[in-house]
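Here's the structure, in structure tokens; my notes come after.
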Amino acid sequence: MELDFGPAVRDFRDEVRDWLADHLVGEFAENRGVGGPTDGAAWEVRLAWDRELSAGGWLGIGWPQEYGGRGLGLLEEIVFEYEYARVNAPYRATVNALDLLGPMLLKMGSETQKKRFLPPILAVEELWGQGFSEPGAGSDLASVRTRAERDGDEWVVSGQKVWTSFGIHADWIYVLTRTDPRSARHKGLSMLLVPTDQPGVEIRPIRNLAGQDEFAEIFLSDARTGADMVVGEVGQGWRTAMATLGIERGTTLLPQQLAFEREAEALIDLARERGALDDPMLRRRIVDAWISVRIMRTTNLRTIAELTAGRTPGAQATTAKLYASTRHQQLGQLATELAGPAGQIVGEDYDLDRRQRSFLLALAETIYGGSSEIQRNIIGEQVLGLPKEPRP
């Protein structure tokens, strides 16, 4: 996939390409494409790669210079993400802080919070986890039960969070918690920044189908954080959380979409090797898979064009996650079928090849970041204007 973003950023694009060619070598090159939103593979290598990016000034290139960024524009950010994905560089270990927390602090954090937390993020000195989902509050975040009470100059936090990506590595977590015990649903919530290195925080890994432990559950038992560790206003945590998820829905699907294109190309190569293209039914499914990744590309380009023009992305930005997650699952299922019995045999100590790992991890894509059921409700109510789903 080749895109030309125009002469205004051509020199910057060439700078990115040259740097990646010089630095994506050795152990880093051996781990091209490793990792993902739910894939903790080769963690130490990816962490070292993030530090390499930091030393080159490639983390937070759109963040203001006073916080360690390069102060460049949205178009440069998009060009970098595209070139980064094009060479199949390792998935960044610090993505949680770079793509979610950092932009949230830039938009809603205090000046003190920005100066305290943004430079260590870009220097890969502090790692972050997201404390949103709970056992009884997944896609329905308004049901969170974790609570925080003010005690002098501190907040005291108690509750449980689950499905925290890379939580076992987190030095800090940003926690959506209820600070008004009389409130319900969207009201009375606050976003707190909580350090994990304290007696009141217990982090337990959760192993997934691929045998990895990038997810974690976090138990907060009278954990403490400073009174000034509220992002945004006290009681307005829902607004802060939605702003964070809005960031997540922006251009973060671009690297995944390029990875899906590679998987579709590998699928076609596999079909050729096995003579599957002679079967009209299989050929139809393969063509459908190829079409689906092209639709993802067009959707992403539309969103990017709107963002760079300063417009709010249209309906395709709302439907993109639902479409990409469901179609990626179908792509993985087809690849597994074409691989035949060999695709079901794992290596020693449950060692999975890339195709097997992608298929298993894709099963979670219709759940994390907003389940498909919730996404359909959002599309129906906010895009199509249909009546809201009845609530008990």
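Positions are given from 1, in the same order as the sequence printed here. As the structure is a prediction and not an experimental result, all values here were calculated from the model.
Gln236 and Arg239 form a side-chain donor-acceptor contact under 3.5 Å, judged by distance and modelled atom types alone. In summary, the side chains of Glu261 and Gln257 do present a donor paired with an acceptor at a separation below 3.5 Å, with no hydrogens or angles considered. Using modelled atom types, one finds a donor on one side chain and an acceptor on the other under 3.5 Å when comparing Thr366 with Gln329. A donor atom on one side chain and an acceptor atom on the other are not found under 3.5 Å apart for Glu154 and Thr225. Side-chain atoms of Tyr174 and Asn96 include a donor-acceptor pair closer than 3.5 Å.
Arg86 and Glu83 are joined by a salt bridge, as a carboxylate oxygen and a charged side-chain nitrogen come within less than 4.0 angstrom of each other. The pair Asp278-Arg283 does not meet the salt-bridge criterion, since no charged nitrogen lies less than 4.0 angstrom from a carboxylate oxygen. Of the charged side-chain nitrogens involved, at least one lies within less than 4.0 Å of a carboxylate oxygen, so that Arg116 and Glu126 count as a salt-bridged pair.
Two rings, from Trp163 and Phe132, have their centers 6.0 Å or more apart. Checked against the 6.0 Å centroid criterion, the rings of Phe166 and Trp128 do not qualify as a close aromatic pair.
Of the inter-residue distances, the one linking Gln316 atom CD with Ile295 atom CD1 reads 13.0 Å to the nearest 0.5 angstrom. Atom CD1 of residue Ile286 and atom CZ of residue Arg272 lie 9.5 Å apart, to the nearest 0.5 angstrom. Rounding to the nearest 0.5 Å places OG1 of Thr336 at 8.0 Å from CD of Gln344.
The side-chain heavy atoms of Thr177 and Trp155, taken from C-beta on, include no pair separated by under 4.5 Å. The closest side-chain heavy-atom distance from Ile206 to Val162 is below 4.5 Å. Proximity of Val194 to Met229: side-chain heavy atoms (C-beta onward) are nowhere separated by under 4.5 Å.
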Only pairs under 3.5 Å count here: list side-chain donor-acceptor contacts from residues 51-61, not counting sequence neighbours, and write none if there are none.
| unit_1 | atom_1 | unit_2 | atom_2 | d |
| --- | --- | --- | --- | --- |
| Glu52 | OE2 | His23 | ND1 | 2.9 |
| Ser54 | OG | Leu122 | O | 2.6 |
| Trp58 | NE1 | Gly56 | O | 3.4 |

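Screening residues 203-218 for salt bridge (Lys or Arg N to Asp or Glu O under 4.0 Å), with sequence neighbours left out, gives Glu202-Arg204. Residue pairs that meet the side chain to side chain donor-acceptor pair (under 3.5 Å) test with at least one member in residues 188-199, sequence neighbours left out, are Thr179-Ser190. Every pair tested for salt bridge (Lys or Arg N to Asp or Glu O under 4.0 Å) that includes a residue from residues 347-362 fails, sequence neighbours excluded, so the list is empty.
When the salt bridge (charged side-chain N to carboxylate O under 4.0 Å, His left out) test is applied to Glu15, the partners found at least two apart in sequence or on another chain are Arg70. In this view, Arg147 and Glu149, Ser158 satisfy the side-chain contact (heavy atoms from CB on, under 4.5 Å) rule, not counting sequence neighbours.
With hydrophobic clusters built from ILVMFWY side chains whose heavy atoms lie under 4.5 angstrom apart, Met296 does not share a cluster with Leu301.
For the residue pair Phe117 and Leu193, the shortest heavy atom distance occurs at CE1-CD1, 3.5 Å.
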